[in-house]
2 protein chains.
Amino acid sequence: MSQPTICPKFEKAISILSQKWTALVIYQLLLGTQRFSEIQSTIGISGKVLADRLKDLENQEIVKREVIPETPVIIEYSLTEKGKTMEPIIRDIEKWSQLWFEEDTDVQ
Amino acid sequence: MSQPTICPKFEKAISILSQKWTALVIYQLLLGTQRFSEIQSTIGISGKVLADRLKDLENQEIVKREVIPETPVIIEYSLTEKGKTMEPIIRDIEKWSQLWFEEDTDVQ
DNA sequence: AAATTAAGTTACATAAAGTAAGTTTATGGG
DNA sequence: CCCATAAACTTACTTTATGTAACTTAATTT
């Protein structure tokens, strides 16, 4: 007998969100446009992995990259419309976390 | 100047959900109680990693493990109350995926 | 006693993430 | 002109996570 199968669209979404750091990057960008170094120091991700994630998210059209020709050059990252529609997901995670991790001691 | 910091409860929730396979395991268990081998063959995870994930989720009290003393022994996994309250998160991901990945060809 | 079955576990291989130093590009100072 | 500075990466290398396939355990049934 054949196994039930998982919707490929859902699997795709999950594969994006289950990459380490992706959800935190999106969470940060929900606060508004940010620069590479801001994201990096706020969430504590390495430059290498952040560059990777931002490229992936750009390819997925979740994040938009803008070059500001100042000196030294500044890059601004922000969410696209597609990215902004992920807000309910992030907010639900936020709400759930507040509900179920009461004390700091629960969080290790 | 000090960097803004991320809520540790939120980070904790994210660290659970951003592990590979975790969301898919929970998604499966939202369908009801399932056995190890059912989860394994439906989502296509290796036995090793599934055993890991189920242990983690049990420790987090998201999943409940029940031994059915038949022969050979059967283990039933299901969501706890805490686990069930993750449903909105999973449903939002599902909705978002349906909205933004229109064609199978988008999904690689 | 050998075979069967579910739920793992183990040993080993590959892929992903972490770390720290280096690169690029554009100025502004000496 | 040459050196320093600063932001955004990149590279080389190490450590951790995941994948693969064979093996283990325990209770039957043949």
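These figures come from a predicted structure and were not determined experimentally. Letters A, B, ... mirror the listed sequences (proteins, then strands); counts begin at 1.
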For [X] and [N], what is the distance between atoms [atom1] and [atom2] respectively, to the nearest whole Å?
| X | N | atom1 | atom2 | value |
| --- | --- | --- | --- | --- |
| B:Asp56 | D:dA17 | CG | C1' | 12 Å |
| A:Gln34 | D:dA7 | CD | P | 15 Å |
| A:Glu76 | D:dA7 | CD | C1' | 13 Å |
| B:Ile45 | D:dT20 | CD1 | P | 11 Å |
| B:Leu50 | D:dT20 | CG | P | 14 Å |

For chain A, the stretch of DNA chain C it reaches, first to last nucleotide, under 4.0 Å of its heavy atoms: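 The contact span of chain A on DNA chain C goes from C:dA17 to C:dT27.
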Might you point out which heavy atoms bring A:Ile68 and A:Val73 nearest each other, and give the distance in Å?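 Result for this residue pair: O-CG2, 3.5 Å.
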Which atom of A:Lys84 lies closest to which atom of A:Pro88, heavy atoms considered: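 The answer is O-CD, 4.5 Å.
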Return the [atom1] to [atom2] distance between [X] and [Y], rounded to the nearest 0.5 Å.
| X | Y | atom1 | atom2 | result |
| --- | --- | --- | --- | --- |
| B:Ile90 | A:Ile89 | CD1 | CD1 | 10.0 Å |
| B:Asp92 | A:Met86 | CG | CE | 10.5 Å |
| B:Thr85 | A:Lys95 | OG1 | NZ | 12.0 Å |
| B:Leu54 | B:Tyr77 | CG | OH | 5.0 Å |

Quick one, B:Leu79 with B:Leu57, criterion side-chain contact (heavy atoms from CB on, under 4.5 Å). Give me CA distance, side-chain angles, the key distance, then yes/no. CA-CA 9 Å; B:Leu79 293 177; B:Leu57 290 170; over 6 Å; no
Run the side-chain contact (heavy atoms from CB on, under 4.5 Å) test on A:Gln60 and B:Trp100 for me, step by step, so that the C-alpha distance in whole Å, both residues' side-chain angles and the decisive distance to 0.1 Å come before the verdict. CA-CA 10 Å; A:Gln60 295 297 329; B:Trp100 291 98; over 6 Å; no
Heavy-atom contacts, protein to nucleotides 9-15 of chain D, under 4.0 Å, summarised as B (base), S (sugar-phosphate only) or - (none) per nt, yield SBBB---
Main-chain N/O of B:Glu76 paired to B:Thr33 side chain as donor or acceptor, under 3.5 Å: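 A pair under 3.5 Å: no.
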Do any N or O atoms from the side chain of A:Thr80 and from the backbone of A:Ile62 form a donor-acceptor pair under 3.5 angstrom?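 Answer holds: yes.
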Excluding sequence neighbours, so at least two apart, what forms side-chain contact (heavy atoms from CB on, under 4.5 Å) with A:Gln28? A:Leu31, A:Gln34, A:Thr42, A:Ile43, B:Ile6
Over 60° means perpendicular and under 30° means parallel, so classify the ring planes of A:Trp96 and A:Phe101, tilted if in between.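 It falls in the perpendicular class, over 60°.
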Taking for each residue the nucleotide of DNA chain C with the nearest heavy atom, is it A:Ser46 or A:Val73 whose nucleotide lies nearer the 5' end? A:Ser46
When you match A:Gln19 and B:Arg35 each to their closest nucleotide on DNA chain C, which lands nearer the 5' end? B:Arg35
In degrees, rounded to 10°, what is the bend between the two ends of the helix from C:dA1-D:dT30 to C:dG30-D:dC1, using five pairs at each? 30°
Applied to residues 39-58 of chain B, the salt bridge (Lys or Arg N to Asp or Glu O under 4.0 Å) test, sequence neighbours excluded, yields none
Please list, in numerical order, the residues of residues 20-29 of chain A that have a heavy atom closer than 4.0 Å to any atom of DNA chain C.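 Only A:Lys20, A:Trp21 qualify.
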